[in-house]
J.: 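Okay, here's the structure, questions in a sec.
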Amino acid sequence: MKTALCVVAWVVIAPFLGGLLAGVDRIITARMQSRVGPPLLQPFYDVLKLFGKQGVAVNVFQNYYMVCFLVFVIVTGALFFSGGDILLTIFALAVAGVFFALGAFSPNSPYSNIGAERELLQMMSYEPILIIAAIGMFMVTKSWHVHDIAGFQKPLFVFLPGVFLAFLFVLTIKLRKSPFDLSTSHHGHQELVKGATTEFAGPSLAVIEIAHWYENVLLMGFVYLFFAFNWVVAIPAVLVAYFIEIFIDNTYARLTWHFTLKSSWIVAGVCGVVNIFLIAFLVK
Amino acid sequence: MNILLFLLLFPAAMSLVFAILPANTFRNALVRISCLLIAAGSVYAAFVFNGQGYQSFKVEFPHIDMIFFGGEMLLSLFLLYKCIGIKKHEWYIPALIIVQAGIMAYCEMSGAVPEVDNALYIDNLSIIMALIIGIIGSVICYYAISYMRDYHHHNPQMKDRQRSFFFILFFFLSAMFGVVFSNNLVWLYLFWEITTLSSFILIGYPKTEEATRNAYRALGLNLLGGLGFAGGILYLVKFCPEHTVDLARVIASGPGLMLIPVVLISFAGVAKSAQMPFSSWLLGAMVAPTPVSALLHSSTMVKAGIFIIIKFAPVLSGTWAGYFLALIGAVTFLMTSIIAVTQSNAKRVLAYSTIANLGLIVACAGIGTYETLWAAVLLTIFHAVSKGLLFLGVGSIEHKIGSRDIEDMDGLIVNRPGLAVVMLIGILGMFLAPFGMLISKWMCLEAFVSSSIFGLPTGVLIAMILAFGSAPTLFFWAKWMGKIVSVPAGLAKGEGRVPGDEWTALVVLAVATVATAALFPVISWVSVEPYIVSLYHQTVSLSQGNTIIMSILLALMILLPLSFLAYPKKTKLVPRYLGGANVGDKGEFLGAMGVVQQATMRNYYLAGFFSEKKLTIASVLVTICLIVTMFAVVKL
Amino acid sequence: MSQMSIGKVVSRSFLSRPATRLYPFEKRPFYKATRGAVAIDIEKCILCGICQKRCPTAAITVTKATKDWQINRLRCISCGACVDACPKKCLWLENMYSPAVVQKGADDKFHQLDKPGLETTKA
Amino acid sequence: MMVHVEEQSLVVVDKGQIVDKATQMSKEGFRLVQISCLAKDSYEVTYSFDKNYACAHVRVVLPKDNPELPSITGAYFAAFTYENELQDLFGIKVSGLALDFKGKFYKLSVKTPFAPQPQQPAQ
Amino acid sequence: MATRTIVPFGPQHPVLPEPIHLDLVLEDEKVISAIPSIGFIHRGLEKLVEKKDFLEMTYVAERICGICSFIHGQSYCQAIEGVMKIDVPERALYLRTIWGEMSRIHSHLLWLGLFADGFGFESLFMHSWRVREKLLDLIEETTGGRVIFGTAKVGGVRRDMESLTLKRVEDELKIIEKMSHELTDVFKKDSSVKRRTVGKGVLSKEDAITLGAVGPTVRGSGIASDMRKLGYAAYGKISWEPVIETGCDCYARCMVRCRELYQSFDMIYQAMAKIPDGPVDVKVTGNPNGEYFARVEQPRGEVIYYVKGNNTKNLERFRVRTPTFANVPPLVKMLGGCELADVPVIVLTIDPCISCTER
Amino acid sequence: MSFFKKSPWVIHYDGSSCNGCDIEVLACLTPLYDIERFGIINTGNPKHADVFLITGTINEQNLEVVRNIYNQMPDPKVVAAIGICATSGGIFRECYNVKGGVDTAIPVDIYIPGCAVRPEAIIDGVVAALGVLEKKAAALKTMKASA
Ligand code: NFV
Ligand code: SF4
Ligand code: SF4
Ligand code: SF4
């Protein structure tokens, strides 16, 4: 029953949280650039407007993948917030990501195609860390279930500082922030126009946007897990993590995929793996 | 027992028939019937023996062991004969043949080969393997009928030697059944060598220079592995206090006594399953007609290597040798996954992915805990089904679009929707949740993390390698899917239909891929878990919650594409974004110098970032070190 | 090499008031020199047509017959050539720019720019 | 006071000599500054080279009919932009261009607008 | 089968404010070849001389480009003055120098922002433009326009600056200079900026000469070539040396512009200190007769104004060769073998100004 | 309730402007004017845009480009001609390669004069354009409803 409640809460509340988060993000970003920025509810206005637009597309298939993307992100979150297996959550998130990439591949237009390739490169960059994070959590809490991990009574990040660091690193990729905003150019302009989302317009762009909101909330959920021993600590920690990401977004140039792949694997290999081995020896 | 004999002898018998019959309708009908019978036979065997645990049978036949010995010698002679006219640098091949034959002859002549009471057996693992060989193998043979017709149609310069082709194909199946049913290691050895021989002939089928070269490479490397097998037998009959060639007894004796021969034979398994230092033979095998590739990759040959290692997993379990064997698999998995990213030839991608997945299975078997073994068996099943499907799919695509390059598969979804769907199912089966491969991988991860040797968290290292290796897999599969689903402008539906036989084969395998994913808990429960229990007296089973979640995911995966049909398609279509330079709506743009060009998307293979050559050399070196270490730590 | 070199500027901006001028709610008076729309004291004009001749974009039409002086605001580039040329000094450049229009032609011709009610000078 | 006036040095050479001249200039370390053309009764093509702030202008005069020029892209690759311009705007045929846009350097609504011949709308 | 990716880069492309088109041939993201296509802004304004008299053409010259507008006007006037041998009052020359350098600062700040945008550094872009707005206020106050100054005039300048204003402008400029330091430091030191610029788009010293590069592009390759050394306007009367960098890459060109910023501030201060009193223009009589090549240093490099008059109100020929036009061949050279992500960075390092180029 | 007024996304294309108007459009995005306050984003992609800001004249070569961009924008959309060049051809009106203002290529909904336009004028103009956008959105809705 509680599980069902969690799922319903996720499905209903997450987009609002995600939208608000995006709104706050835009305001903070603007302030960092010495601008006033849009109203807090701007992301909602954007999405509602997009739903009112005509949906042009290059072919009849492409928008559908994005619907699948949204569905799978929701399912992933439902899995996560109902306390399911964390590895399965990561895999389900990968499914969602693949649908997103397929949607971008579908129009076969140069910019969205390269965007899709880069999206996959990004996935390739962050997958190891996600899995390592899950492994780390298991090794500390002895459970693969989000439910148990969240219920763990000790502060996880103390056990997993390296993993947490590595996770923050890839969070930049997942939140589509500079220096790793390679595939969609969420912020600012780049050589790929709008990358993977170039060929999407109107409602399907809104769908993508909503899916990203869900995704962002889900990622914040991941961050929460590291501090889950006490929600009074965890919620500010999540917000601080998000703030750090915005700060990073505003203090770095966009880097290339070479660097993204190399650095995230190295960070995963150094911070993540070392941490895991320490845990393996220390936490029996 | 009769059914076992049927499976052993019937394909061999039919192969003799096909060796005589030329390609005609009658022959084709006969092939179809034989395929059906073999498949039915394996299913029947499964029905009869499933749930009965280990059963062994005595083969009452005069001088049967002598016959097998004779067979071995004949085989060696035949191979030696084949070595006439080899290149200079391939001198090692006849040398290997002679050494192996010498070892076997020495064992036999010295009269030291012990008797094995029950030479044939069947247990849950053999059943699974028999089903794979029987069903997938015969589906491939079935597919080969029209494929080979078209193949010669497309390659008129090639001599039509279909008779020997089908002869070998069916003979191969017999040998494979032999491998999975023999309890006598000497018999097993003969069957093992027959698979080497068959693949050698099949790879060399096109008779081009490249094909011949690759065939000899396959032969050489597998013989090198075979040397390990022969060495293992030699140890068993000459040095081992237990003195037995009874497979069941070897396994039951445990690592204390049997680790040396087991590691030697596993070495043969490593070669046969194309693990890293040996991987080149499987890549070279791509020159053969597609059914051969499909056969080698999914149901025969490499699966023999895997089979033997899985079989020995209980012996390897918890030993350092086993751990290093697992590391070989893990390193192979990581490296070949990365290399696969750089490939655009569909068959090479499939080949690398096969090697990678076999690496995973080897890693599981090498660790050899009940959880990893469970995952290993499931991986074997899922891999066989999806890989068979993918290879056959690529074969059909190649005949239809005239290329096996992934880059040329763009627009397949419009061009050849049927084939596209088949391919997508196959690819999904290989890497995405909730399909079998991924689920097994997931189980491996969980299992590795909790495995240890002498209290050291050894499994964690493999889990880490797995975490890194999975990422590139995601990249190249998703990219391939992307190519298939991308819709270039101005594409028309393709001409000509895929031949009926091919379709049947493809559909059967596609359905099987989805079905195995859907029935995954059932498969685990009915056949895998009993096997694991019989060895370890405990087993894994999926928690009910996860089963439900996976069912939901699978339902979504099936329902979402179907619901596309109901999705409103009223969108206005506009040309793609080309920086405003569009000309017309066919994806063309006005380029520099006033030339109208087509915007294309090709060649995103990161070949400048990952170098196939460098990575291969590096991993060959690493794995050779690992093999040396594996032998070095046998005594630990 | 330093990381986040812009960090100081960014954090300072975050903590202090944005540089944004909240136009249209907050308007800054234009400079005295600012070149905006052309305005005319039609009373003083003698319809000599020099301004028309000097205008590089042919924005001004002087019709002696109907005693009409018209300017096409969608053509005027605020260069001030007409102002410099006018012998009666009855032309000047407002500090305010001409407003956007939805219809071409409809607002093309008018004598006097509606006084926008802005202060026109600063400093 | 006198405004700074740069000294203008100009030599006129034959069409046949221009490539040699350019090669020589290039060997002496001159930079190609520009190529311009004036079409009146004849075509005056002027090449400017610079070394140490000293500018040397070299002129070739072409007849009005079927003007043709050898390309100097052999000596100065960068000349391709100017020479393509000569082709497109003046209708001078430049032979041996290293990167010949074949009249597609600019897309124009009139053919060779600077040529003395009457202009025709393109296509 | 086409084995390579062919991407149309532009004409409409968000990282390029102006239309330019490149046919990019890629192998994964490596640029194998980049063939430019231009002409999207070609208006053909050189031919306007047939319709407008030579004084009116000043307005056209100012509108060749909205970034380097003032110097265009100045160069045009210098060309006419060269033909007609007009003596320009000294105060006007100093004012031209002051405005010219203000225009250069505004252009460089603008470029710094665009460059930052080119490698995805949004906040750096915003802050560069924030500083630039301060300068625009000064420009507007002294000229009446934000980007089109409208103060060029054959025989002088169109308006004067009072000494009070001059003082205030100087004070303001000092503040702007301080603000710019914060930003140029980022370009100079930030690791992510360096990662995107160092070693990218290399143009060797030899190539820079043979391909005819000008302005910061050539100075970034270690060649001191700056037309202000010719000594026009007041440049002969103040002390300065051309800025050069020897890195030959995008970073070097960026550094040239960063340093030129401060050089320009300094030039303005010097000019303000030395500016004499007097009239700011002379009356122009007669028509131009003869030809003249005027060379002036624009923010992007040397611009050539060629005018030929035949003693009528309308010039016979008017030609502008702008710095970006000269920098196109070096650009083509720099693009070979770069990464797709570097394309905007490299294209932007020549500070392309297409409206200048295509006239 | 329509949200077009609250979230107009723009695309900017430089027809053949002299850059003067161009950089003023960009200046609108930057801190001093910050049009993101009105929810305006410069998308750079016709498929995401509601408002087409175009500066400069139409010439032979960019005619098709402008049309392409316009056609790729989903309805409802408005076009704003920014600067004298875009409204009428301005000082380049008589050039041989210039066809005239933007309305020679595509229908224009709002003309924003100025040479160069001031950022304030652009803001005023875009705000006025939003009124038109709103109307078009309503029309589209009724059309959809009746279809
Ligand atoms: N600097 C400059 Fe220009 C000129 N002349 C040049 O390419 O900017 Ni619009
Ligand atoms: S120049 Fe002056 S007086 Fe003559 S028409 Fe024009 S405004 Fe009137
Ligand atoms: S300001 Fe210039 S463009 Fe405007 S009317 Fe006067 S002369 Fe014509
Ligand atoms: S209106 Fe003026 S400032 Fe704007 S583009 Fe045209 S000439 Fe340049």
J.: Quick one, E/L48 with E/F318, criterion side chain to side chain contact (heavy atoms under 4.5 Å, CB included). Give me CA distance, side-chain angles, the key distance, then yes/no.
T.: CA-CA 9 Å; E/L48 275 182; E/F318 165 54; over 6 Å; no

J.: Under 6.0 Å from the ring centre and within 45 degrees of the ring axis: does the NZ or CZ of F/K77 meet both conditions for the six-membered ring of F/Y70?
T.: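 That pair qualifies as a cation-pi contact.
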
J.: Salt bridge check: are E/E260 and E/R104 linked by an N-O gap of less than 4.0 Å?
T.: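 No, E/E260 and E/R104 are not salt-bridged.
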
J.: With a 4.5 angstrom heavy-atom cut-off, could you sort out which part of F/C21 is near chain E: side chain, backbone, both or neither?
T.: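 No part of it gets close to chain E.
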
J.: For the interface with chain E, which of F/G44, F/S17, F/P119 has the highest count of heavy-atom pairs at distances below 4.5 Å?
T.: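 The candidate making the most pairs under 4.5 Å is F/G44.
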
J.: Side chain, backbone, both or neither: which part of E/R132 has an atom under 4.5 Å from a heavy atom of chain F?
T.: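 Interface part for E/R132: side chain.
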
J.: Tell me which of these, E/K52, E/R63, E/H13, E/R130, has more heavy-atom pairs under 4.5 Å with chain F than the rest.
T.: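 Option with the greatest count: E/R63.
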
J.: Contact part of E/H72 toward chain F, heavy-atom cut-off under 4.5 Å: side chain, backbone, both or neither?
T.: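 Neither part.
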
J.: Let's test your reading of the structure: which of F/C115, F/G56, F/P46, F/G90 forms the most heavy-atom pairs below 4.5 Å with chain E?
T.: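 Max contact count across the listed options: F/C115.
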
J.: How many angstroms lie between CD in E/E46 and CZ in E/R317, if you round to the nearest 0.5 Å?
T.: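 Between E/E46 CD and E/R317 CZ, I get 5.0 Å after rounding to 0.5 Å.
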
J.: So which part of E/Y59 gets closer than 4.5 Å to some heavy atom of chain F, the side chain, the backbone, both or neither?
T.: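 Both backbone and side chain.
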
J.: Which one of E/H127, E/E358, E/E140 has the most heavy-atom pairs closer than 4.5 Å to chain F?
T.: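 Answer, by heavy-atom pair count under 4.5 Å with chain F: E/E140.
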
J.: Which bit of F/V98 comes within less than 4.5 Å of chain E, counting heavy atoms only: side chain, backbone, both or neither?
T.: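 The answer is both parts of F/V98.
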
J.: Which bit of E/E133 comes within less than 4.5 Å of chain F, counting heavy atoms only: side chain, backbone, both or neither?
T.: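 For E/E133, the contact with chain F is made by the side chain alone.
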
J.: Please classify the contact of F/I69 with chain E as side chain, backbone, both or neither, using a heavy-atom distance under 4.5 Å.
T.: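 F/I69 touches chain E through side-chain heavy atoms alone.
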
J.: Looking at F/K99 and F/E60, is there a salt bridge between them, counting it only when a charged N and a carboxylate O are closer than 4.0 Å?
T.: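 Salt bridge present between F/E60 and F/K99.
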
J.: Name the orientation class of the two ring planes belonging to E/F187 and E/F115 (parallel below 30°, tilted from 30 to 60°, perpendicular beyond 60°).
T.: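 Rings of E/F187 and E/F115: parallel, under 30°.
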
J.: Using 4.0 Å as the upper bound for N to carboxylate O, is an ion pair formed by E/E302 and E/R321?
T.: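 Result for this pair is yes, salt bridge flagged.
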
J.: Select, from E/I354, E/V147, E/V15, E/L110, the one with the greatest count of heavy-atom pairs under 4.5 Å involving chain F.
T.: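 Greatest number of close heavy-atom pairs with chain F: E/V147.
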
J.: Among F/I11, F/N59, F/L32, which residue forms the greatest number of heavy-atom pairs with chain E at distances under 4.5 Å?
T.: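 Of the candidates given, the most pairs with chain E belong to F/N59.
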
J.: F/L63 versus chain E, heavy atoms under 4.5 Å apart: side chain, backbone, both or neither?
T.: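 Neither; nothing under 4.5 Å.
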
J.: Hey, what's the ring geometry for E/H42 with F/Y96, parallel, tilted or perpendicular (30° and 60° as the breaks)?
T.: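 E/H42 vs F/Y96 ring planes: tilted.
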
J.: Which region of E/I38, side chain (C-beta onward) or backbone (N, CA, C, O), has a non-hydrogen atom less than 4.5 Å from a non-hydrogen atom of chain F, or is it both or neither?
T.: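 Contact with chain F involves the backbone of E/I38 alone.
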
J.: Between F/T57, F/V65, F/N68, which has the largest tally of heavy atom pairs under 4.5 Å with chain E?
T.: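 Of the candidates given, the most pairs with chain E belong to F/V65.
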
J.: Between E/L16 and chain F, which part of the residue has a heavy atom less than 4.5 Å away: side chain, backbone, both or neither?
T.: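 Answer is neither: E/L16 stays 4.5 Å or more from chain F.
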
J.: At a heavy-atom separation under 4.5 Å, does E/S37 approach chain F through its side chain, its backbone, both, or neither?
T.: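 Side chain of E/S37 only, per the 4.5 Å heavy-atom cut-off to chain F.
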
J.: Is there side-chain contact between E/E56 and E/K313, with at least one heavy-atom pair below 4.5 Å?
T.: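 They are not in contact (no side-chain heavy atoms under 4.5 Å apart), so the answer is no.
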
